[in-house]
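One structure below.
If you're wondering where the values come from, they're calculated on a predicted model, not measured in any experiment. Both counts, for ligands and for their atoms, begin at 1 and track the order of listing.
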Amino acid sequence: MSSEQIVLVIGASRGIGLALIQELGAKPNTKTIGTVRTPNPALDAPQNVKIIILDISDEESVAKAASEIPELDILIVNAGMGKRDPVTSTPTADLATYLNVNVLGPHRAIRAFLPALRARKMRRIVLMSSSSGSIGQQALPGSIGLAGSYGVSKAALNMLAVQTHNELQTEGFTVVPVHPGWVATDMGNIHGSGGMPPATSAKAIIQLVDGLTPEKSATFYRFDGEKMPW
Ligand SMILES: NC(=O)c1ccc[n+]([C@@H]2O[C@H](COP(=O)([O-])OP(=O)(O)OC[C@H]3O[C@@H](n4cnc5c(N)ncnc54)[C@H](OP(=O)(O)O)[C@@H]3O)[C@@H](O)[C@H]2O)c1
């Protein structure tokens, strides 16, 4: 077994995911793999980062990607969709799409990459969540972030993290949902201007992930290491 850390970032075509593979690509002793849905020769990824195809909403696509990665230390599920879609005016079919991408997608990824994670000792799973998924924060007056249907999906994602932790705890897994902060990406800019640069969030998230231990599992973290309320 090599001493190199193998890290997979699902959803690395743009935004926070692209910033994550750019930061990880510059890290020593790290083999980084990023996923995109569509091949893009102009993707601004470091040369040492391997890019593979994965659509998290498609079971076969996730399985095919997993078949290309036999060993993995850290799984970062960053892919997600989000707009401002209030629950009371969103068709149920659209809420189902949110759940398919933001909850069932990470579930597909966790299950597919479990053998690769079990093949190594580190066993870290990071799910990109949101303050919109914090019931504690959303229940306060004045909603935070994109809220609505997106918030429902991210709250479910947080529970997926906790249940995954409960089931894998004895195997030494560390499973955490992380709120990346307000980041100036295609999604973050829906909320207005003023989000932080993607590189700032990505650097902090990598520092947080580096410091994870099994004792910290099932904690909802903000990018800067502060704890988020469930
Ligand atoms: N930006 C913020 O302020 C903020 C705040 C809280 C949480 N977050 C969370 O952080 C994560 C990244 O957000 P972002 O701001 O970087 O968003 P973004 O700029 O909209 O990028 C979304 C990423 O997810 C990928 N993706 C979407 N659907 C996918 C699918 N079915 N299969 C595979 N990949 C898919 C996109 O790929 P394509 O290019 O192929 O569409 C893209 O790489 C998301 O989970 C988001 O909910 C962001």
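Listed by first and then second residue, the ring pair (Phe, Tyr, Trp, His ring centres under 6.0 Å) pairs involving residues 152-190 are Trp182-His191 (not counting sequence neighbours). Screening residues 196-225 for ring pair (Phe, Tyr, Trp, His ring centres under 6.0 Å) gives Phe220-Trp230 as the qualifying pairs, with residues at least two apart or on separate chains.
When non-hydrogen atoms are compared, ligand 1 lies under 4.0 Å from the side chain of His179 (C-beta onward) but not from its backbone. Of the heavy atoms in Ser13, both backbone and side-chain atoms come closer than 4.0 Å to ligand 1. With a 4.0 Å heavy-atom cut-off, ligand 1 is reached by the backbone of Ser129 but not by any atom from C-beta on. Contacts with ligand 1 closer than 4.0 Å are made by no heavy atom of His191, backbone or side chain. Residue contacts with ligand 1, taken as heavy atom pairs separated by less than 4.0 Å, involve Leu54 solely via the backbone atoms N, CA, C and O.
When the heavy-atom distances from atom 26 (N) of ligand 1 to Gly11, Ser57, Ala79 are ranked, the shortest goes to Ala79.
The closest side-chain donor-acceptor pair between Ser153 and Asn102 falls under 3.5 angstrom.
Each of the atoms 2 (C), 3 (O), 4 (C), 5 (C), 6 (C) of ligand 1 lies under 4.0 Å from some heavy atom of Gly181.
Taking the charged nitrogens against the carboxylate oxygens, Glu68 and Lys64 do have a contact shorter than 4.0 Å, which makes a salt bridge.
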For Asn100 and Arg108: C-alpha separation, side-chain torsions, deciding distance, then whether side chain to side chain donor-acceptor pair (under 3.5 Å) applies.
CA-CA 10 Å; Asn100 188 33; Arg108 283 180 194 104; 2.7 Å; yes
